[in-house]
Amino acid sequence: MTDTSATQKKDGFSAEERAAMKSRAAELKTEAKRARGAEKAAADEADVLAKIAEMPDGDREMAERVHAIVTTVAPELAPKLYYGQPGYARGGKVVCFFRSGQMDKERYSTFGFSVQAELDSADGLWPTAYALADLTEPAWDRLGELVRQAVQG
């Protein structure tokens, strides 16, 4: 008798997590093979746009809006895949990223920030990820403000 939940618990990773790790390994391999400069940046952005195009309805529109906001508010961030999802990097290090909830089989999508983001708060407490589901215009505006803060400090 094979119990898939026992298999997942045994190695500690869900099927989605294992797929993300494999995707990240493939990304690193692809990055190592690519040329530097404008050619690499164009290829990285094409990869991100292709990933967004593959997303299910709802998440695709959300990811397109996130992409537009990030590339407008923080043009210094370069689009690149991050664990198989859209990420935005400075100096090769991801600052923020979008994760499709539908692709991850979750009830909401996520917009997150890495340690590279400059969101530190004087009280020592700040969020590093936000749930995204049916955002209002003020919420989209807030997302833009967070991205701006993340790159400006």
Side-chain angles (χ1 to χ4, degrees), residues 13-32 34-153:
F13 297 106
S14 69
E16 290 80 17
E17 290 168 327
R18 284 191 299 276
M21 288 184 287
K22 285 181 183 178
S23 183
R24 183 64 181 144
E27 291 162 15
L28 292 171
K29 196 180 262 188
T30 299
E31 281 181 24
R34 282 205 173 132
R36 296 269 182 231
E39 181 183 323
K40 180 184 182 312
D44 285 346
E45 183 165 21
D47 289 347
V48 166
L49 294 174
K51 179 54 74 174
I52 291 171
E54 292 173 6
M55 291 180 184
D57 290 344
D59 277 1
R60 181 179 57 253
E61 291 83 6
M62 201 176 328
E64 288 169 346
R65 182 101 184 246
V66 164
H67 182 77
I69 288 170
V70 173
T71 57
T72 299
V73 169
E76 66 270 30
L77 295 182
K80 68 182 273 176
L81 289 178
Y82 182 64
Y83 291 94
Q85 298 285 321
Y88 302 89
R90 177 175 44 210
K93 295 183 179 183
V94 171
V95 174
C96 57
F97 56 90
F98 175 85
R99 292 213 49 89
S100 167
Q102 292 179 56
M103 292 179 79
D104 286 345
K105 298 181 181 168
E106 299 290 341
R107 67 183 184 93
Y108 55 83
S109 294
T110 305
F111 187 77
F113 295 94
S114 75
V115 297
Q116 304 302 317
E118 298 178 28
L119 295 173
D120 303 36
S121 176
D123 65 6
L125 177 70
W126 61 92
T128 60
Y130 292 83
L132 305 181
D134 300 320
L135 275 73
T136 63
E137 283 306 312
W140 285 114
D141 293 342
R142 178 73 178 126
L143 186 105
E145 292 168 16
L146 288 165
V147 171
R148 186 175 293 108
Q149 182 184 348
V151 296
Q152 293 177 352

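All values below come from the heavy atoms of this structure, side chains included, with hydrogens, waters and symmetry mates left out. This is a predicted model, so every value here is computed, not measured. In this chain, numbering begins with 1 at the start of the sequence shown.
- In this structure, the separation between NE2 on His67 and OG1 on Thr72 is 8.5 Å, given to the nearest 0.5 Å.
- Here the side chains of Gln116 and Val94 are not in contact, with every heavy-atom distance at 4.5 Å or above.
- Contact between Ala133 and Tyr108 at its shortest, heavy atoms only, is CB-CB, 4.3 Å.
- The CG atom of Leu135 sits 8.5 Å away from atom CZ of Arg65, with the distance rounded to the nearest 0.5 Å.
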Trace of the side chain to side chain contact (heavy atoms under 4.5 Å, CB included) decision for Glu76 with Tyr88: CA-CA 9 Å; Glu76 66 270 30; Tyr88 302 89; over 6 Å; no
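- In terms of heavy atoms, Met103 sits closest to Asp59 at N-OD2, 4.3 Å.
- Between Gln85 and Ser100, the shortest heavy-atom contact is OE1-N, 3.0 Å.
- The two atoms that bring Thr71 and Pro79 nearest to each other are CG2-CG, 4.3 Å, heavy atoms only.
- In this structure the side chain of Pro86 reaches within 4.5 angstrom of the side chain of Met55, judged on heavy atoms.
- Here the straight-line distance linking atom CG of Leu49 with atom CG of Asp44 works out to 11.0 Å at 0.5 Å rounding.
- Residues Leu77 and Arg90 share a closest heavy-atom pair of CD2-CB, 3.7 Å.
- Residues Leu132 and Leu143 meet the side-chain proximity criterion, which asks for heavy atoms closer than 4.5 Å.
- Contact of the Phe98 side chain with the Ile52 side chain is not registered, since no non-hydrogen atoms from C-beta on lie closer than 4.5 Å.
- Of the candidates Phe111, Tyr82, Tyr130, Phe113, Tyr82 is the only one forming a ring pair (Phe, Tyr, Trp, His ring centres under 6.0 Å) with Phe97.
- Counting all heavy atoms, side chain and backbone alike, Tyr83 lies closest to Arg99 at O-NH1, 3.3 Å.
- Side-chain contact between Glu145 and Gln149: absent, with no pair of heavy atoms (C-beta onward) separated by less than 4.5 Å.
- Counting only heavy atoms from C-beta outward, the side chains of Asp47 and Lys51 never approach each other to under 4.5 Å.
- Atoms CD and CD1, from Glu64 and Ile69 in turn, are 12.0 Å apart once rounded to the nearest 0.5 Å.
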